[in-house]
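Residue indices begin at 1 and follow the sequence shown.
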Amino acid sequence: MTIPHIPPHQAPSREELDELRQRYRSERERRVRQDGATQYQAPEAEFGYYAADPYVGEVAEREPLRDTVDVAVVGGGFGGILAGARMRQRGVQSVRVVETGGDFGGTWYWNRYPGIHCDIESHVYLPMLDETGYVPEWKYAPGEEIRRHAVRVARQFDLYEHALFSTSVTSLTWDEADETWTVTTDRGDAFRATYVVTSTGTLSTPKLPGIPGIQDFKGHTFHTSRWDYAYTGGTPDGGMTGLADKRVGVVGTGATGIQAIPMLAEDAAHVHVFQRTPSTVDVRANRRTTARDVGADREGWARERRENYLRIVSGEPADRDLVADRWTESAGLLEKLLPSFRRQDDREAFEAAYEAADAAKMNDLRARVEQTVTAPDTAEKLKPWYRYACKRPTFSDQYYQAFNRANVTLVDTADTHGIERVTETGVVVGDTTYDLDCLIFATGFSVGTSGVLSGKLPVHGRGGTQLLHVWARQGPRTLHGFTSNGFPNLIQMGSLQNASSVNFTHILDEQAVHAATLVAAAEAEDALVEPPREIEDAWLATLAEDAPDQEWFHAECTPGYYNREGRGRPNGPSAYPHGAHAFHQLLEQWREDSLHDILQPRTPARDR
């Protein structure tokens with residue numbers, strides 16, 4: 001891992017670093033809450049309407065299914081789409097994607113708030129560009145372009161044929177006699193599948209703050225992932241004429257708030273931004289692009305570009321930087337966020353250089369606030385006081401400018417550890433009640449909580465054993481994060497016990513390729529996919545062997561979902577410690593050398 005170079009005039013002194021540490025600690029303490037992650041609540045029961053689908057209209061009735069498919073894919077976001085597409089490339093005939101939303105897209109189906117764009121360059125974020133021949137129109141694509149691309153991939157690989165939308169899987173049960181999975185849903189389906197791939201994602205279920213009195217508010221309210229254009233008017237491009245005479249409150253200043261707030265400022269009578277912790281907001285510099293700009297005239301151009309990007313943000317050397325944005329510029333500061341561990345001859349010296357580079361970057365970001373926001377008091381409240389990798393970086397060229405408008409008020413809630421309560425007419429912070437007509441929650445999703453891990457999707461394997469019960473006793477047990485002993489032909493996609501990156505669609509595509517390869521190999525040998533326990537043990541040992549010590553870093557961070565709202569981020573065998581690029585190389589080599597080690601003979605058909 002190479003840390004960014006610091007010009008001598010920007011290098012902080014020892015005294016400045018001491019002052020920063022003290023400031024970071026004091027700012028953290030202002031924001032830590034005793035209730036930790038339980039300060040949030042699920043959109044269920046009386047709050048269930050926050051998760052309702054506003055885009056699908058009335059769901060058509062249909063008869064429950066009792067048929068059989070080759071592969072069932074749980075989740076219709078990019079993970080599920082890519083799994084299905086890669087399966088079809090390997091000759092799988094029937095692939096059924098089951099999706100809670102009304103169409104393909106996952107996060108990009110749900111998120112349609114004003115100003116929505118991806119914060120990863122579209123030419124590396126959008127998957128299967130080489131296969132579809134599509135070249136994105138913008139360096140950072142708007143949400144609708146991304147959603148359309150998800151649909152494009154699904155159509156090209158005929159995933160609509162067997163898909164079930166507005167449907168949630170309620171259980172997965174292994175049938176010992178038939179050696180298939182029974183998949184049940186909330187619409188009465190109970191169909192069979194030879195293989196099941198779960199890609200339920202972590203960016204689909206809205207996260208709501210458990211603010212006292214939230215249910216008492218008499219004005220209009222909704223979550224950004226279910227934007228109510230029937231109320232606001234307009235589109236993701238703006239024009240929200242329904243807000244022209246409205247006082248709007250926004251709770252949340254993460255990636256969503258950064259994009260939506262400037263759009264609301266343009267259209268609403270007044271906007272109150274309720275902020276507990278400011279995000280870092282770096283330069284976006286979005287622009288239209290052409291095929292020539294990105295070398296799209298060459299075969300394999302998109303794969304080359306995304307591999308180059310992954311190398312750089314994984315801390316690997318690269319001859320050149322094809323994307324050249326603020327992510328790659330600051331890649332060396334992601335070491336505490338994304339496991340990319342490299343043994344250092346002198347770890348103490350490395351940490352000192354890392355902290356100095358971190359301080360220089362954060363000083364630049366705080367200076368940007370001062371240079372942009374005209375009111376000194378507001379600028380001070382918008383400054384981020386924590387290490388760079390404590391929160392996901394954000395990017396905008398309009399966010400800070402919005403606070404120079406007379407109709408935008410920043411309400412800092414750090415000293416009260418967030419909003420104190422909601423009344424029938426507005427929001428209370430300290431001694432002040434802010435009367436509102438509309439309250440919008442930009443509080444994100446329940447990150448890291450897939451259906452399997454939350455228990456909402458029970459998985460019963462051999463002998464009726466429930467996956468979550470096994471993991472509760474022994475901890476998660478997988479091979480490469482995909483397969484588990486006792487759960488044949490079940491392939492899980494996600495970030496557990498494998499590798500992750502800021503460009504998660506690249507990760508998902510590599511996982512989809514791996515999943516399709518497992519299925520193709522099992523079909524060729526009439527076998528089951530199931531790792532022996534000793535192979536799981538070996539993988540867990542690999543994860544633990546070089547696991548970096550980062551618990552201390554996250555324990556000192558400002559509270560957020562990276563550190564369980566201030567409770568820390570424990571060390572452990574949860575991720576491959578050498579980065580995503582190295583992990584993909586490991587998987588490729590394993591498929592060549594050892595894949596057959598996890599193929600178990602099926603029961604002869606006549607005995608089933």
Between CG on residue Leu490 and OG1 on residue Thr483, distance to nearest 0.5 Å:
8.5 Å
Answer yes or no: is there a side-chain heavy-atom contact under 4.5 Å between Thr184 and Thr173?
no
Between Met128 and Gln89, is the side-chain contact (heavy atoms from CB on, under 4.5 Å) condition met? List the steps.
CA-CA 12 Å; Met128 303 194 88; Gln89 284 182 323; 3.9 Å; yes
Do Glu144 and Pro236 come within less than 4.5 Å of each other through their side chains, counting heavy atoms only?
no
First locate atom OG1 of Thr241, then atom NZ of Lys246, and finally report the distance between them rounded to the nearest 0.5 Å.
9.5 Å
Is a donor on one side and an acceptor on the other found under 3.5 Å between the side chain of Thr413 and the backbone of Gln275?
yes
So, Tyr309 and Asp325: side-chain donor and acceptor under 3.5 Å apart, yes or no?
no
Spell out, as yes or no, whether a donor-acceptor pair under 3.5 Å connects the side chain of Tyr55 to the backbone of Trp110.
yes
Can Asp119 and Arg326 be counted as an ion pair, charged N to O under 4.0 angstrom?
no
Of all the heavy-atom pairs spanning Gly102 and Ser166, show the shortest one and how long it is.
CA-OG, 3.8 Å
Quiz item: cation-pi between Arg66 and Phe191, 6.0 Å / 45°
no
I'd like to check Leu310 versus Asn503 (side-chain heavy atoms, cut-off strictly below 4.5 Å). Are they in contact?
no
Check Ser501 against Val313 and note the closest heavy-atom contact, atom names and distance.
OG-CG2, 3.7 Å
So, do Arg306 and Val323 sit near enough that their side-chain heavy atoms are less than 4.5 Å apart?
no
Could you walk me through whether Arg192 and Val69 pass the side-chain contact (heavy atoms from CB on, under 4.5 Å) test, one step at a time?
CA-CA 6 Å; Arg192 293 179 179 272; Val69 295; over 6 Å; no
Thr517 meets the side-chain hydrogen bond (donor to acceptor under 3.5 Å, both in side chains) criterion, sequence neighbours left out, with Arg90
Check whether His223 reaches the backbone of Gly444 with its side chain - one donor and one acceptor, N or O, closer than 3.5 Å.
yes
Quick one: are Arg305 and Val294 in side-chain contact, heavy atoms under 4.5 Å?
yes
Assess the residue pair Arg155 and Thr132 against the criterion (side chain to side chain donor-acceptor pair (under 3.5 Å)); give the C-alpha distance rounded to whole Å, side-chain angles, the decisive distance to 0.1 Å, and a yes or no.
CA-CA 10 Å; Arg155 284 178 175 159; Thr132 60; over 6 Å; no
So that I know where these two stand, are Phe222 and Trp227 an aromatic pair - ring centroids less than 6.0 Å apart?
yes
Where Tyr195 and Glu523 come nearest, the two heavy atoms and their spacing
OH-OE2, 2.6 Å
Would you sort out whether Thr100 and Ser168 count as a side chain to side chain donor-acceptor pair (under 3.5 Å), showing the intermediate values?
CA-CA 5 Å; Thr100 302; Ser168 298; 2.9 Å; yes
Short side-chain to backbone donor-acceptor contact, Arg148 and Arg152, under 3.5 Å
no
With a 4.5 Å limit on heavy-atom distance, are the side chains of Leu129 and Val135 in contact?
no
Looking at Asp437 and Arg247, is any side-chain nitrogen of the basic one under 4.0 Å from a carboxylate oxygen of the acidic one?
yes
Between Arg86 and Glu131, is the closest basic N to carboxylate O distance under 4.0 Å?
yes
Return the OG1 to CH2 distance between Thr182 and Trp174, rounded to the nearest 0.5 Å.
10.0 Å
Decide side chain to side chain donor-acceptor pair (under 3.5 Å) for Ser171 and His460; before the verdict, give the C-alpha distance in whole Å, the side-chain angles of both, and the deciding distance to 0.1 Å.
CA-CA 8 Å; Ser171 70; His460 298 273; over 6 Å; no
Step by step, would you call Ile81 with Leu159 a side-chain contact (heavy atoms from CB on, under 4.5 Å)?
CA-CA 8 Å; Ile81 293 168; Leu159 298 182; 4.2 Å; yes
Do the rings of Phe104 and Tyr160 sit parallel, tilted or perpendicular, given the 30° and 60° boundaries?
perpendicular
Is the side chain of Thr198 donor-acceptor paired with the backbone N or O of Thr200 at a distance under 3.5 Å, no angle test?
no
Could you check whether the rings of Trp327 and Phe395 sit parallel, tilted or perpendicular, using 30° and 60° as the cut-offs?
tilted
Do Gln497 side-chain atoms and Pro476 backbone N/O form a donor-acceptor pair below 3.5 Å?
yes
Looking only at atom types and distance, does a side-chain atom of Asp189 sit under 3.5 Å from a main-chain N or O of Leu65, one as donor and one as acceptor?
yes
For Gly80 and Val73, which heavy atoms make the closest approach, and how far apart are they?
CA-CG1, 3.5 Å
Can you tell whether the side chains of Glu121 and Arg287 come within less than 4.0 Å, N to carboxylate O?
no
Can you find a pair of side-chain heavy atoms, one from Tyr134 and one from His149, that are under 4.5 Å apart?
yes
Mind listing the closest non-hydrogen atom pair of Val273 and Thr253 along with its distance?
CG1-CG2, 3.6 Å
Taking the six-membered ring for Trp, are Phe78 and Tyr125 parallel (under 30°), tilted (30 to 60°) or perpendicular (over 60°)?
perpendicular
Salt bridge (charged side-chain N to carboxylate O under 4.0 Å, His left out) between Arg591 and Glu510: does it pass, once the steps are laid out?
CA-CA 12 Å; Arg591 289 194 293 263; Glu510 294 289 344; 5.1 Å; no
From Ile116 CD1 over to Asn111 CG, what is the distance, rounded to the nearest 0.5 angstrom?
4.5 Å
What orientation do His480 and His514 show, parallel under 30°, tilted 30 to 60°, or perpendicular over 60°?
perpendicular
Please confirm whether the backbone N or O of Arg284 pairs with a side-chain atom of Asp397, one donor and one acceptor, at under 3.5 Å?
yes
Arg477 to Trp471 six-membered ring, cation-pi geometry met (6.0 Å, 45°):
no
Assess whether side-chain contact (heavy atoms from CB on, under 4.5 Å) is satisfied between His220 and Thr232, documenting all intermediate values.
CA-CA 10 Å; His220 199 74; Thr232 66; over 6 Å; no
Quick check: closest heavy atoms across Val169 and Leu457, and the distance to 0.1 Å?
CG1-CD1, 3.5 Å
Measuring from atom NE2 of His506 to atom NE2 of His581, what distance do you get when rounded to the nearest 0.5 angstrom?
8.5 Å
Are Thr505 and Leu126 packed together at the side-chain level, in the sense that at least one heavy-atom pair is separated by less than 4.5 angstrom?
no
Backbone N or O of Phe487 within a donor-acceptor pair of the Ser484 side chain at under 3.5 Å?
no
Using the rule given for side chain to side chain donor-acceptor pair (under 3.5 Å), can you reason through Thr221 versus Tyr50, listing the C-alpha separation, both sets of side-chain angles and the distance that settles it, and then say yes or no?
CA-CA 9 Å; Thr221 182; Tyr50 281 102; 3.2 Å; yes
Once rounded to the nearest 0.5 Å, what's the spacing between atom CG of Asp70 and atom CD of Gln93?
7.0 Å
Using the six-membered ring of Tyr109, assess whether NZ or CZ of Arg147 lies under 6.0 Å from its centre and within 45 degrees of the ring axis.
no
Has the side chain of Asn489 got a donor or acceptor atom that lies under 3.5 Å from a matching backbone atom of Leu528?
no
Verify whether one side chain among Thr280 and Asp282 offers a donor that lies under 3.5 Å from an acceptor in the other.
no
